[in-house]
Number of protein chains: 2
Amino acid sequence: MSATIRLLLADDQALVRGALAALLELEPDLEVVAQVGRGDEVVAAARAHRPDVALLDVEMPGLDGIAAARALRAAVPACRVLVVTTFGRPGYVRRALEAGASGFVVKDTPAAQLADAVRRVAAGLRVVDPTLAIESLATGASPLTEREQDVLRAAADGGTVADIARATLVSEGTARNHLSAAMGKTGARTRAEAVRIARENGWLLG
Amino acid sequence: MSATIRLLLADDQALVRGALAALLELEPDLEVVAQVGRGDEVVAAARAHRPDVALLDVEMPGLDGIAAARALRAAVPACRVLVVTTFGRPGYVRRALEAGASGFVVKDTPAAQLADAVRRVAAGLRVVDPTLAIESLATGASPLTEREQDVLRAAADGGTVADIARATLVSEGTARNHLSAAMGKTGARTRAEAVRIARENGWLLG
DNA sequence: AACACGGCATGACAGATGTCACGGCAGAAT
DNA sequence: ATTCTGCCGTGACATCTGTCATGCCGTGTT
């Protein structure tokens with residue numbers, strides 16, 4: 001087996017990215033071979049540097065970490081994916097694993113544990129925070145249809161129904177129907193509340 | 001002058017905290033003497049370990065970084081403060097400096113630049129991203145009154161007017177008046193939009 | 001072929017929301 | 001003492017929002 005595990009880091013915050021690199025470089029068997037700050041640069045970097053494991057953040061410009069994971073698994077199957085993100089939304093975990101990720105770690109886990117997670121992923125094991133895994137199962141998949149997610153996303157910045165209808169290319173009445181359906185499914189009594197609940201559950205990719 | 005600069009790190013994400021420590025420990029003249037994950041542990045840690053510079057995140061449980069900076073300056077005047085945060089909200093910069101911080105750095109600045117910022121702060125200089133400083137001046141102080149901020153904070157999770165009135169201990173009519181005033185000052189046409197705009201400008205400590 | 005489901009749309013209705021005009025009260029500034 | 005400002009409240013009004021019933025279309029299931 002190879003002497004060192006080659007890593008790719010993807011995180012939009014340069015400081016965090018550099019700091020993670022410094023942390024991981026402390027381990028003799030780990031080597032950071034590439035760093036990117038955008039999701040749509042992941043595949044190209046992986047093609048160029050052939051990492052064994054890619055650490056991807058979910059919140060990234062260009063392409064979110066989940067989509068980047070899917071693209072990466074398709075383009076460079078030899079590279080395994082460990083998602084490292086701020087929020088442990090149940091929906092994130094589920095979707096990350098469906099996208100082909102081997103592991104899921106939140107950023108408030110102890111630093112000492114990260115290198116271990118990387119090694120396990122490199123060895124072909126799955127690494128998921130047990131608490132998150134349970135919560136993910138309990139919450140279940142998103143009950144929201146595509147359009148319902150669309151209108152919630154459009155509603156996220158606080159516009160009026162007219163704005164939402166314009167953004168989603170449907171009539172105002174239809175927009176209100178989708179909003180109403182989403183509110184029913186989330187148990188919310190307000191658009192804003194529905195947006196918040198959907199967000200917290202990871203049902204909105206934004 | 002002292003051989004090494006002693007540092008205190010405060011960030012609620014353990015992984016980021018540890019990674020920053022690793023990054024800064026790479027510099028021969030820097031030494032991380034304490035790490036905490038909550039704002040209300042900053043002062044005690046500073047008293048115990050006497051750091052020269054404290055790196056504080058703004059978003060923290062217990063006590064936000066701005067308030068922690070204020071408390072730290074009062075309790076341990078010898079320790080200078082460098083705020084290191086995710087969001088470069090104009091209001092954050094202004095309030096951080098008013099709270100006695102010597103510097104303000106966002107987390108997507110290059111990693112190489114952090115050590116420099118720390119050294120400058122330790123030397124008694126001010127360090128503020130020029131772009132942020134200008135934006136902060138242009139945006140100006142918050143035009144919102146205390147109550148207006150209160151109702152916006154209460155409105156942030158998407159409740160109804162009745163919920164907001166209950167949370168802020170005012171009548172529904174008054175709540176709507178404050179909301180209306182806040183919407184007028186922010187140029188918003190919806191509560192949710194007013195919340196978003198106030199957030200983006202750093203006018204809501206949450 | 002019949003059916004269920006999601007997306008789209010319309011129309012109508014009750015209730016919530018945002019606006020406005022008013023007035024009272026306390027503290028700071030003049 | 002007077003004025004100003006911010007805070008609190010009431011009441012009324014036009015509008016927006018959320019709900020419901022209903023219908024059409026296309027797709028995939030049975």
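Sequence lines set the chain letters: A, B, ... in the order given, protein chains first and strands last, and positions in each chain run from 1.
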Visitor: Could you work out, with side-chain hydrogen bond (donor to acceptor under 3.5 Å, both in side chains) as the rule, every residue matching B/Glu98, not counting sequence neighbours?
Guide: none

Visitor: Within the distance-only criterion (no hydrogens, no angle test), does the side chain of B/Asp12 pair as donor or acceptor with the backbone N or O of B/Pro61 below 3.5 angstrom?
Guide: no

Visitor: Rounded to whole Å, please give me the gap between CG in A/Leu144 and P in C/dG6.
Guide: 12 Å

Visitor: State whether A/Glu172 and A/Arg176 are salt-bridged, where the test is any N-O pair (Lys NZ or Arg NE/NH1/NH2 against Asp/Glu carboxylate O) under 4.0 Å.
Guide: no

Visitor: Are the charged groups of B/Glu193 and B/Arg189 less than 4.0 angstrom apart, N to O?
Guide: no

Visitor: So that I can tick it off, tell me whether B/Asp11 and B/Lys107 are bridged by a salt bridge, with the cut-off set at under 4.0 angstrom between side-chain N and carboxylate O.
Guide: yes

Visitor: Answer yes or no: does a side-chain N or O of B/Arg147 lie under 4.0 Å from OP1 or OP2 of D/dC8?
Guide: yes

Visitor: Does a nitrogen or oxygen in the side chain of A/Thr190 sit under 4.0 Å from OP1 or OP2 of C/dA16?
Guide: no

Visitor: Roughly how many Å is it from CD in A/Glu193 to P in C/dA16, rounded to a whole number?
Guide: 14 Å

Visitor: Please give, in whole Å, the distance from C/dC8 C1' to A/Glu148 CD?
Guide: 13 Å

Visitor: By a strict heavy-atom criterion of less than 4.0 Å, which residues belonging to residues 162-175 of chain B are in contact with DNA chain C?
Guide: none

Visitor: In terms of heavy-atom contacts, does CZ of A/Arg120 have more than 12 from other residues, nucleotides or ligands at under 6.0 Å?
Guide: no

Visitor: For the residue pair A/Ile164 and A/Ala155, what are the closest heavy atoms and their distance?
Guide: CD1-CB, 3.6 Å

Visitor: Figure out the CZ/P separation between A/Arg189 and D/dT19, and round it to whole Å.
Guide: 11 Å

Visitor: Donor-acceptor pairs under 3.5 Å, side chain of residues 123-134 of chain B to any protein atom, not counting sequence neighbours: which ones?
Guide:
| unit_1 | atom_1 | unit_2 | atom_2 | d |
| --- | --- | --- | --- | --- |
| B/Arg126 | NH1 | B/Ala101 | O | 2.9 |
| B/Asp129 | OD1 | B/Thr131 | N | 3.1 |

Visitor: Measure from the side-chain N and O atoms of B/Arg38 to the backbone N and O of B/Ala10, and report whether any donor-acceptor pair falls under 3.5 Å.
Guide: no

Visitor: Using OP1 and OP2 only, check whether a side-chain N or O of B/Arg191 sits under 4.0 Å from C/dG18.
Guide: yes

Visitor: I need the minimum non-hydrogen distance between A/His49 and A/Val33, along with the two atoms involved.
Guide: CD2-O, 3.5 Å

Visitor: How bent is the helix from C/dA1-D/dT30 to C/dT30-D/dA1, comparing axes over its five end pairs at each side, to the nearest 10°?
Guide: 30°

Visitor: Counting only heavy atoms and a strict 4.0 angstrom limit, can you tell me which residues of residues 176-185 of chain B come near DNA chain C?
Guide: B/Arg176, B/Asn177, B/Ser180, B/Met183

Visitor: Which atom pairs, donor and acceptor, lie under 3.5 Å between side-chain atoms of residues 76-91 of chain B and protein residues at least two apart or in another chain?
Guide:
| unit_1 | atom_1 | unit_2 | atom_2 | d |
| --- | --- | --- | --- | --- |
| B/Arg80 | NE | B/Val121 | O | 3.4 |
| B/Thr85 | OG1 | B/Asp57 | OD1 | 3.2 |
| B/Thr85 | OG1 | B/Glu59 | OE1 | 3.0 |
| B/Thr86 | OG1 | A/Gln13 | NE2 | 3.4 |
| B/Arg89 | NE | B/Arg199 | O | 3.2 |

